[in-house]
**Q** 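Could you have a look at this structure, given as structure tokens, before my questions?
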Amino acid sequence: MLEIGCGTGQLTRELAGRTLNLTAIDIGAAMVETARRNVADPMARFQTSSFEDFADSGSFDLIVSTTAFHWVDPGIGLAKAARLLRPGG
């Protein structure tokens, strides 16, 4: 699962602990550090990155964003999300 714009980890904390391979990204380094402190799941990975610049060689079953996707460049966002989703994701 990929969470775009994790902020302080509010949603991430709810998703954590469910045996998910969770990657959470945010453009703000301070936000990512706060999220790391707020989420005690060793399977959760955090990365400071915009979605546009996010480079991950894997693919995801689910991509979520609660309050950040409207900041993503509309010429990139949906197409990139579609590329990053596994078939059937």
Side-chain angles (χ1 to χ4, degrees):
M1 172 183 288
L2 172 64
E3 180 186 7
I4 301 166
C6 66
T8 61
Q10 204 168 343
L11 175 62
T12 319
R13 190 172 41 241
E14 297 298 318
L15 298 170
R18 300 176 188 263
T19 64
L20 300 170
N21 289 320
L22 174 61
T23 299
I25 65 172
D26 197 282
I27 198 165
M31 293 293 205
V32 169
E33 287 307 314
T34 301
R36 275 192 181 111
R37 286 193 304 272
N38 287 335
V39 178
D41 183 347
M43 292 187 66
R45 297 180 334 159
F46 295 90
Q47 185 176 338
T48 302
S49 176
S50 68
F51 183 59
E52 294 88 339
D53 294 333
F54 177 66
D56 192 287
S57 59
S59 58
F60 300 92
D61 291 317
L62 179 65
I63 298 174
V64 297
S65 180
T66 55
T67 60
F69 203 76
H70 67 282
W71 294 108
V72 174
D73 181 335
I76 296 173
L78 292 177
K80 184 168 186 172
R83 280 193 314 275
L84 288 174
L85 281 172
R86 285 188 181 106

**Q** To check you understand the geometry: which heavy-atom pair defines the closest contact between T48 and G28, and what is its length?
**A**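 For T48 versus G28, the nearest heavy atoms are CG2-C, 4.2 Å.
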**Q** Check whether I25 and L78 end up in the same hydrophobic cluster, where Ile, Leu, Val, Met, Phe, Trp and Tyr are linked by side-chain heavy atoms less than 4.5 Å apart.
**A**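 Linked, I25 and L78 end up in one cluster.
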**Q** Nearest 0.5 Å please: distance from the CZ atom of R45 over to the CZ atom of R36.
**A**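 It is 10.5 Å, given to the nearest 0.5 Å.
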**Q** Any chance you could measure T67, atom OG1, to Q10, atom CD, to the nearest 0.5 Å?
**A**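 Reported to 0.5 Å precision, the distance equals 8.5 Å.
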**Q** I need the minimum non-hydrogen distance between G7 and A35, along with the two atoms involved.
**A**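 The pair with the smallest heavy-atom distance is O-CB, 3.5 Å.
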**Q** Could you state the interatomic distance from CG (L20) to OG1 (T12), rounded to the nearest 0.5 Å?
**A**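 If we round to the nearest 0.5 Å, L20:CG and T12:OG1 are 11.5 Å apart.
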**Q** Could you tell me whether the side chain of S65 and the main chain of I4 form a donor-acceptor pair under 3.5 Å?
**A**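 At least one qualifying donor-acceptor pair exists.
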**Q** Given the rule in the side-chain contact (heavy atoms from CB on, under 4.5 Å) test, do L84 and L2 qualify, once you have shown the distances and angles that lead to the verdict?
**A** CA-CA 9 Å; L84 288 174; L2 172 64; 4.2 Å; yes
**Q** On the six-membered ring of F54, is K80 placed so that its NZ or CZ lies under 6.0 angstrom from the centre and within 45° of the ring axis?
**A**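 Verdict for F54: no cation-pi partner in K80.
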**Q** Using a cut-off of 6.0 Å, state whether more than 12 heavy atoms not belonging to Q47 lie near its atom CD.
**A**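 Yes, enclosed.
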**Q** Is the backbone N or O of V32 less than 3.5 Å from a side-chain atom of D26, with the two atoms forming a donor-acceptor pair by type?
**A**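 No.
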**Q** Is it possible for you to say whether I27 and W71 belong to one hydrophobic cluster, with membership spreading through side-chain heavy-atom contacts below 4.5 Å?
**A**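 No, I27 does not connect to W71 through the hydrophobic network.
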**Q** According to a 4.5 Å side-chain heavy-atom criterion applied to Ile, Leu, Val, Met, Phe, Trp and Tyr, with indirect links allowed, do F69 and I76 form part of one hydrophobic cluster?
**A**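 Hydrophobic grouping puts F69 apart from I76.
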**Q** When you group the ILVMFWY residues by side-chain heavy-atom contacts below 4.5 Å and let the links chain together, are V39 and L11 in the same group?
**A**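 Not linked; separate clusters.
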**Q** Show the nearest heavy-atom pair for residues M43 and N21, with the distance to one decimal.
**A**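 Heavy-atom minimum between the residues: CE-OD1, 3.0 Å.
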**Q** How about L85: does its CG atom have over 12 heavy atoms from other parts shown lying under 6.0 Å from it?
**A**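 More than 12 within 6.0 Å, yes.
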**Q** Do you know which two heavy atoms are closest between F51 and A81, and how far apart they sit?
**A**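 Answer, listing the atom of F51 first, then A81: CZ-N, 3.8 Å.
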**Q** Does F60 belong to the same Ile/Leu/Val/Met/Phe/Trp/Tyr cluster as V72, with side-chain heavy atoms less than 4.5 Å apart forming each link?
**A**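 Yes, it is one cluster - the side chains of F60 and V72 are joined through contacts under 4.5 Å.
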**Q** Would a distance-only check, ignoring hydrogens and angles, find a side-chain to backbone donor-acceptor pair under 3.5 Å from R86 to S59?
**A**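 Side chain of R86 to backbone of S59, a donor-acceptor pair under 3.5 Å: yes, one is there.
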**Q** Would you compute the distance between atom CD of E3 and atom CG of L15 and round it to the nearest 0.5 angstrom?
**A**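 The distance works out to 6.0 Å.
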